[in-house]
Amino acid sequence: MERTRVESIGGFFATRYGEPGPGHLPLSRLYAGELAPLTARVDRVAARLGASERRVAASIAHLGLAARLWSTALGPAALHGTFPDPAADGLYWDPELTSPDDLRWTRPGTLPGTVDGIREAVQYGHLVPLAEALRSDARVSHRLLWGNAGSALAGALREIHRWAREHDRPAAAERATALASGLLDDPDLSGTVAGPVLRRTSCCLYYRCPGGGLCGDCVFDRPPRRRGG
């Protein structure tokens, strides 16, 4: 019942438990240097977007996975006070799948839905080693990746607020706001989003894809002019 309620916020908040599929691997192996699945994911994103610059595809791939990781912690924490334990050796990922089937929790168990608990499990447990893995695949800056992380967290918060308004759950929105505020008060995440609407202060580079525009929270008001054109 609780899992269904969290999933009602949106697909990125969904969790799946049980045996992993044939394409799933524990994220701990990715962070330990088994980069082929990450390379495949970036290749897939590049092909889908027509992105000729690998750093662009790497950024978009990172943004999607960061959003999944934040959402599956922040949503349950805001609604129920706990979240599924995303220990990297028990959380499996398939680079060919999208939410809700991309991630599979293979161990039961929850963690307290506190700022410190989410930071330790998601930021330190996943986003830090994920950034290093991506930087082994593509030339993408730390600032951009942490900007993605801040943007993904803010996006999860906005979705919870939308859901809370629709379902008359103001307390859930308040808890989510307090958690996100605490998480953003961190040296890596501080300053990645700003203002009352949490507009990001860097760009994910999506505008550099053919036909790509600006994201809703982009730092730019119009796409920058590209060199040579």
Side-chain angles (χ1 to χ4, degrees), residues 1-32 37-38 41 62-131 133 148-150 152-164 167 169 171-184 186 189:
M1 177 65 71
E2 288 188 357
R3 192 157 65 247
T4 300
R5 290 168 63 190
V6 174
E7 287 182 0
S8 71
I9 301 175
F12 272 55
F13 294 80
T15 56
R16 293 289 184 266
Y17 291 86
E19 289 297 316
H24 286 91
L25 84 160
L27 281 166
S28 58
R29 282 168 49 185
L30 186 76
Y31 304 153
L38 185 61
R41 179 60 164 245
H62 172 263
L63 185 57
L65 187 51
R68 281 288 278 141
L69 293 165
W70 282 131
S71 298
T72 54
L74 188 66
L79 268 64
H80 309 301
T82 62
F83 64 99
D85 185 354
D89 59 348
L91 181 58
Y92 282 60
W93 176 64
D94 188 331
E96 297 298 321
L97 300 179
T98 58
S99 62
D101 300 312
D102 54 340
L103 295 178
R104 184 67 56 94
W105 279 254
T106 62
R107 299 177 184 172
T110 59
L111 297 173
T114 63
V115 170
D116 288 344
I118 297 174
R119 177 177 289 125
E120 186 68 29
V122 176
Q123 183 176 342
Y124 298 156
H126 287 281
L127 297 182
V128 169
L130 177 61
N148 282 353
L153 176 58
L157 177 62
R158 281 190 285 271
E159 285 300 294
I160 294 171
H161 272 253
R162 175 195 56 76
W163 179 91
H167 293 81
R169 294 287 299 275
E174 291 171 5
R175 286 194 293 269
T177 298
L179 289 168
S181 177
L183 290 164
L184 289 167
D186 174 89
L189 291 167

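Here the structure is a predicted model, which is why all the values come from computation and not from measurement.
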Considering non-hydrogen atoms only, spot the tightest contact between [X] and [Y] and give its length.
X    : Y   : value
P37  : P95 : O-CB, 3.4 Å
G113 : A77 : CA-CB, 3.7 Å
T106 : Y92 : CG2-CD1, 3.4 Å
A88  : Y31 : CB-CE1, 3.9 Å
N148 : L63 : O-CD1, 3.4 Å

How long is the straight-line distance from CZ of R158 back to CG of L153, given to the nearest 0.5 Å?
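Rounded to the nearest 0.5 Å, the CG-CZ separation comes to 9.5 Å.
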[Y] and [X], any side-chain heavy atoms less than 4.5 Å apart:
X    : Y    : answer
T72  : F83  : no
E7   : P100 : no
P108 : D85  : no
L74  : I160 : yes
H80  : T110 : no
P84  : Y17  : yes

Check step by step if side chain to side chain contact (heavy atoms under 4.5 Å, CB included) holds for F13 and L79.
CA-CA 12 Å; F13 294 80; L79 268 64; over 6 Å; no
Note: D89-R107 ion pair, threshold 4.0 Å (strictly below)
yes
Between H126 and L27 (side chain of the first, backbone of the second, donor and acceptor by atom type, cut-off under 3.5 Å), is there such a pair?
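Not confirmed, H126 side chain does not pair with L27 backbone.
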Mind listing the side-chain donor-acceptor pairs of residues 172-180 below 3.5 Å, one per line with the distance, residues two or more places apart or on another chain?
from	atom 1	to	atom 2	distance (Å)
R175	NE	A78	O	2.5
R175	NH2	A78	O	2.7
T177	OG1	H161	NE2	2.7
T177	OG1	A173	O	2.9

Identify, with sequence neighbours excluded, every residue that meets salt bridge (Lys or Arg N to Asp or Glu O under 4.0 Å) alongside [X].
X    : value
R162 : E159, E166
R119 : D116, D186
R68  : D102
D94  : none

Could you point out which residue of L91, L97, D101 forms a side-chain contact (heavy atoms from CB on, under 4.5 Å) with H24?
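That would be L97; it is the only one of L91, L97, D101 passing the side-chain contact (heavy atoms from CB on, under 4.5 Å) with H24.
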Identified side-chain contact (heavy atoms from CB on, under 4.5 Å) partner of L65 from the options L38, L127, L130:
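It is L130, the one option of L38, L127, L130 that forms the side-chain contact (heavy atoms from CB on, under 4.5 Å) with L65.
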Which residues pass the ring pair (Phe, Tyr, Trp, His ring centres under 6.0 Å) test with H62, not counting sequence neighbours?
none
Given side chain to side chain contact (heavy atoms under 4.5 Å, CB included), test I118 with W70 step by step and report yes or no.
CA-CA 8 Å; I118 297 174; W70 282 131; 3.9 Å; yes
